[in-house]
Amino acid sequence: MVYYNDEMPNIKRHRILFAISIILMMLLRHNGKFVVYITGFVVCLRQIMQCRKGFKKNCKLLMLWFFPIVITIIILSAINNIYDVKEVKGEQIRESFSVLFQQTARDIKENGEDITDEETD
């Protein structure tokens with residue numbers, strides 16, 4: 001969320017859309033939670049370091065980040081309990097490298113003759 005003049009937007013519609021975007025990012029992307037956690041930590045740390053704002057402003061910002069995270073955790077745990085989902089630990093590592101390997105394979109397939117021996121090592 002971009003702040004103009006270091007002011008948090010007072011428009012309730014923006015806050016609701018921001019919360020919905022956080023929830024959707026965490027529900028629809030496997031790595032979305034990591035983006036939200038890191039970004040939220042940095043924004044909240046910045047806000048706390050600039051204690052110029054009052055306690056009420058800091059609480060609004062923290063609630064803007066933590067409320068969608070809590071809602072997402074509740075939704076995911078309910079879905080996991082209903083459908084008896086088991087987490088597979090090795091899948092996360094393979095998933096994180098899959099796009100890289102797909103791009104490399106496509107590059108070799110389409111431009112195999114242009115790749116030097118140094119690049120293949």
Note to self: Can you list everything that forms a side chain to side chain donor-acceptor pair (under 3.5 Å) with Gln103? Sequence neighbours excluded, please.
What the structure shows: none

Next item on the list: Could you list who else is in Ile74's hydrophobic cluster, with ILVMFWY side chains joined at under 4.5 Å, directly or through other members?
Entry: Val70

Notebook entry, point to check: Looking at Lys12, His14, Arg13, which hits side-chain contact (heavy atoms from CB on, under 4.5 Å) with Ile16?
Noted result: Lys12

Item checked: Side chains of Gln102 and Arg106 in contact at under 4.5 Å (non-hydrogen atoms) -> no

Notebook entry, point to check: Measuring from Thr39:OG1 to Phe34:CZ, what's the distance to the nearest 0.5 Å?
Noted result: 13.0 Å

Notebook entry, point to check: CD1/Ile71 to CD1/Ile69 distance, rounded to the nearest 0.5 angstrom?
Noted result: 11.5 Å

Distance-only donor-acceptor pairs under 3.5 Å for side chains of residues 19-28, two or more places apart:
residue	atom	partner	partner atom	Å
Ser21	OG	Leu17	O	3.4
Ser21	OG	Phe18	O	2.7

Note to self: Is there a path of hydrophobic side-chain contacts, each under 4.5 Å between heavy atoms of I/L/V/M/F/W/Y residues, joining Leu64 to Tyr37?
What the structure shows: yes

